Amino acid sequence: MLLMTLAAFDTPVENFLKRCVEVQKMQHNRTVSIVQNCILHELLMASRQYENGKRDSEEVTLVSIREKYDLEDYTIHRNAQMLTRAGTRRSKGKGWVKSANVKMEENDNKNLRAIVLSDRGREIAEILFGRS
């Protein structure tokens with residue numbers, strides 16, 4: 001009874017951490033780093049805004065995530081790579097994110113990289129950050 005009562009007082013942070021553990025168990029003890037959580041959150045928010053007609057596309061540039069969270073270029077690229085199917089030399093990728101074509105104006109940077117959630121990535125992000 002006491003445990004059930006205490007569970008009712010979980011904070012939003014505790015609930016988020018429990019969802020992280022749930023995802024880790026679902027994915028056979030594969031962890032999701034803080035940076036990967038940032039990426040998944042930004043992609044989920046962009047996807048929801050796109051569905052609600054508040055954005056022109058659901059893709060998110062790595063530059064925008066890097067700047068919002070004040071991350072190093074290497075850090076955002078390495079973590080985004082781990083979320084794709086490709087992964088890195090040392091680790092298998094998760095397949096939760098796919099590369100996207102960036103809609104650019106003529107004078108924009110042609111090397112801008114963008115990503116979107118895969119179907120599985122959307123499921124994982126919904127577990128982590130709540131279903132809409």
Side-chain angles (χ1 to χ4, degrees):
M1 177 71 169
L2 178 61
L3 288 176
M4 288 175 41
T5 304
L6 290 175
F9 295 109
D10 285 349
T11 67
V13 171
E14 289 166 334
N15 288 328
F16 171 71
L17 293 172
K18 287 178 180 179
R19 291 189 304 267
C20 287
V21 170
E22 179 184 346
V23 167
Q24 183 174 327
K25 286 179 181 177
M26 287 172 47
Q27 298 302 306
H28 308 290
N29 292 321
R30 294 190 64 202
T31 59
V32 181
S33 74
I34 298 295
V35 174
Q36 291 171 5
N37 273 303
C38 294
I39 293 168
L40 292 170
H41 182 264
E42 291 304 308
L43 293 175
L44 179 61
M45 294 302 104
S47 182
R48 287 178 178 172
Q49 290 170 354
Y50 175 71
E51 290 168 357
N52 292 330
K54 296 179 181 176
R55 284 178 66 111
D56 292 334
S57 68
E58 57 186 326
E59 68 211 19
V60 177
T61 65
L62 295 181
V63 170
S64 66
I65 299 170
R66 184 191 74 209
E67 290 174 352
K68 180 174 184 176
Y69 292 98
D70 193 26
L71 296 165
E72 296 294 325
D73 201 39
Y74 170 80
T75 302
I76 191 69
H77 282 87
R78 179 174 40 93
N79 280 277
Q81 185 72 25
M82 279 305 304
L83 291 172
T84 67
R85 287 208 183 283
T88 64
R89 279 185 265 161
R90 295 181 188 186
S91 300
K92 179 180 165 191
K94 293 179 171 85
W96 299 347
V97 167
K98 321 182 260 196
S99 293
N101 293 324
V102 180
K103 296 177 184 167
M104 295 184 289
E105 299 296 322
E106 207 171 295
N107 298 330
D108 284 346
N109 181 353
K110 301 288 187 212
N111 294 321
L112 203 56
R113 295 182 185 168
I115 51 179
V116 295
L117 289 171
S118 66
D119 291 341
R120 182 66 177 150
R122 175 71 185 245
E123 291 174 29
I124 297 296
E126 292 286 359
I127 292 168
L128 289 170
F129 304 107
R131 291 158 180 88
S132 55

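Note that the structure is predicted; figures quoted are calculated from it, not measured.
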**Prompt:** Taking all atoms of both residues into account, what is the closest heavy-atom pair of Trp96 and Val23, and its distance?
**Reply:**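 Minimum heavy-atom contact is CH2-CG1, 4.0 Å.
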**Request:** Mind listing the closest non-hydrogen atom pair of Gly130 and Leu44 along with its distance?
**Result:**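 It is O-CD2, 4.4 Å.
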**Prompt:** Given the rule that I, L, V, M, F, W and Y join up when any side-chain heavy atoms are under 4.5 Å apart, are Tyr74 and Ile39 in one cluster?
**Reply:**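 Different clusters.
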Residues which pass side-chain contact (heavy atoms from CB on, under 4.5 Å) with [X], listed by chain and number, not counting sequence neighbours:
X	answer
Glu67	Val63
Gln36	Val32, Ser33, Asn79, Met82, Leu83, Lys94
Lys98	Val116, Ser118
Met26	Glu22, Arg120, Ile124, Ile127

Kindly write out the residues that satisfy side-chain hydrogen bond (donor to acceptor under 3.5 Å, both in side chains) with [X], not counting sequence neighbours, or none if the list is empty.
X	result
Asp73	Arg66, His77
Ser64	Thr61
Glu42	Lys68, Tyr69

**Polar side-chain atom of Arg85 near backbone of Gly95 as donor-acceptor pair, under 3.5 Å** =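 Here the side-chain-to-backbone pair does not exist.
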**Request:** Starting from the C-alpha separation in whole Å, work towards a yes-or-no answer on salt bridge (charged side-chain N to carboxylate O under 4.0 Å, His left out) for Glu126 and Arg122.
**Result:** CA-CA 6 Å; Glu126 292 286 359; Arg122 175 71 185 245; 2.8 Å; yes
**Prompt:** Using 30° and 60° as the class limits, which term best fits the ring planes of Phe129 and His41: parallel, tilted or perpendicular?
**Reply:**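 Judged by the thresholds at 30° and 60°, the geometry between Phe129 and His41 is perpendicular.
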